[in-house]
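Here is the structure we will look at.
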2 protein chains.
Amino acid sequence: MVQAKTELFDSKLRDKANLFKALSHPARLQILQFLSHSKKCITGDISEDLPLGRTTVNQHLKELKDIGLIQGHIEGVKTKYCLNPEKINELKSLITEFIEDLKLNNYKCS
Amino acid sequence: MVQAKTELFDSKLRDKANLFKALSHPARLQILQFLSHSKKCITGDISEDLPLGRTTVNQHLKELKDIGLIQGHIEGVKTKYCLNPEKINELKSLITEFIEDLKLNNYKCS
DNA sequence: TAATTTTGACGTATATTTGCGTCAAACTTA
DNA sequence: TAAGTTTGACGCAAATATACGTCAAAATTA
């Protein structure tokens, strides 16, 4: 009876935690940055940009795709990935909402 | 030769990933919310607010404390935790910086 | 002083993440 | 058609995270 306790939490909280989890590895952050700066968004180019093996990078790509932050388009043998602007904006809203919710105005631990 | 690859990434990226990791569990998000909304910030009260055992909550508190998002003050037997406003603001800045960096303006995957 | 309360350190078991090798499919190119 | 590319699925091993029981220390209360 270990784990699987996350379902006991509020679903909104779980959604936020899952988004943060997607951002909790430097490889995934670098992939997101790479996709936003580079015009090239082919899988092979991405893995060359990271200090990890191709299959490992592929796995990180899959995670980002599963949560919706990036999209993949198949073109022949190659697959092109790109950011999903809608989801990125949603992420931005959720994060901002969460941070703002931690209202620190005149916060004091007595 | 598995893992410990995170050190191959840029330190700024690692810092951000670590902050996101601290936020990647609903229990830790709920703790932060609890601390920001409640006046009571005693360890026991916090664990009663969560659907987890006391020692587990304690462990999550330790993680948040280790990364600096919360602080602990010992008062007799009891320990009072509170948000660390400076670190929360730093978190806010880092997150905002990261999101803004993913400039989506006229973004298009060709 | 003795019992109770409150806490964090420690150990342990299970679950998940991370990293990568191998492989077959599908498409290109020679 | 044959050889070479590119990709993602699959499986494995090691590292981490998650959840909790037990315990002893320190302070409070009876």
Side-chain angles (χ1 to χ4, degrees), chain A residues 1-9 13-14 17-31 35 40-67 69-82 109, chain B residues 1-9 13-14 17-31 35 40-67 69-82 109:
Chain A
M1 207 92 75
V2 179
Q3 208 84 8
K5 290 278 182 174
T6 53
E7 68 214 14
L8 297 177
F9 290 88
L13 224 44
R14 275 186 283 155
N18 280 332
L19 273 174
F20 283 126
K21 190 186 298 190
L23 303 176
S24 71
H25 194 289
R28 292 194 286 275
L29 295 183
Q30 192 168 328
I31 288 172
L35 286 181
K40 297 183 288 183
C41 44
I42 296 159
T43 302
D45 296 329
I46 299 170
S47 44
E48 277 175 28
D49 185 55
L50 301 190
L52 296 173
R54 187 189 61 81
T55 49
T56 305
V57 173
N58 219 315
Q59 206 160 356
H60 285 301
L61 283 169
K62 188 177 184 307
E63 279 180 74
L64 289 170
K65 193 178 159 194
D66 284 346
I67 206 163
L69 287 173
I70 67 175
Q71 297 170 313
H73 302 288
I74 297 171
E75 286 188 19
V77 192
K78 309 200 176 169
T79 303
K80 288 192 172 180
Y81 282 102
C82 46
C109 183
Chain B
M1 210 92 73
V2 180
Q3 207 86 10
K5 291 275 183 174
T6 54
E7 68 214 14
L8 297 177
F9 291 88
L13 224 44
R14 275 186 284 154
N18 279 332
L19 272 174
F20 283 127
K21 190 185 299 191
L23 303 176
S24 71
H25 194 289
R28 292 193 287 274
L29 295 183
Q30 191 168 328
I31 288 171
L35 286 180
K40 297 183 287 183
C41 45
I42 297 158
T43 301
D45 295 329
I46 298 169
S47 44
E48 277 174 28
D49 187 56
L50 302 190
L52 297 173
R54 187 188 61 81
T55 50
T56 305
V57 172
N58 219 317
Q59 208 160 354
H60 286 301
L61 283 169
K62 186 177 184 309
E63 279 180 73
L64 289 171
K65 192 177 158 193
D66 284 347
I67 206 162
L69 287 172
I70 66 175
Q71 298 170 313
H73 301 287
I74 297 172
E75 287 189 19
V77 191
K78 309 199 175 171
T79 302
K80 287 192 172 182
Y81 282 102
C82 44
C109 183

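Just so it is clear: chains get the letters A, B, ... in the order the sequence lines come, proteins before strands, and each one is counted from 1.
- Nucleotide D:dA19 holds its P atom 12 Å from the CD atom of B:Q30, rounded to whole Å.
- Look at A:K21 and you won't find any side-chain N or O under 4.0 angstrom from OP1 or OP2 of C:dT16.
- Summarising the geometry, the separation between CG on B:D66 and P on D:dA17 is reported as 11 Å, rounded to the nearest angstrom.
- Between B:H25 and B:H60, the ring-plane angle classifies as tilted under the 30° and 60° cut-offs.
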How does each nucleotide of nucleotides 3-8 of chain D score, in 5' to 3' order, for protein heavy atoms under 4.0 Å: base (B), sugar-phosphate only (S), or none (-)?
--BBBB
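- The backbone N or O of A:D49 lies less than 3.5 Å from a partner atom in the side chain of A:Q30, making a donor-acceptor pair.
- No side-chain heavy atom of B:L8 sits less than 4.5 Å from a side-chain heavy atom of A:L50.
- Scored by the side chain to side chain contact (heavy atoms under 4.5 Å, CB included) test, A:T43 finds A:N58, A:L61, A:T79, A:Y81 as partners (sequence neighbours excluded).
- To the nearest angstrom, P of D:dA19 lies 9 Å from CZ of B:R28.
- Rounded to an integer number of Å, the gap from B:E75 CD to C:dT5 C1' is 16 Å.
- Computed from coordinates, the B:H73 NE2 to C:dT7 P distance equals 15 Å when rounded to whole Å.
- Side-chain atoms of A:R14 do not come within 3.5 Å of backbone N or O of B:P26 as any donor-acceptor pair.
- Side-chain nitrogen and oxygen atoms of B:H60 include none within less than 4.0 Å of the OP1 or OP2 phosphate oxygen of D:dA17.
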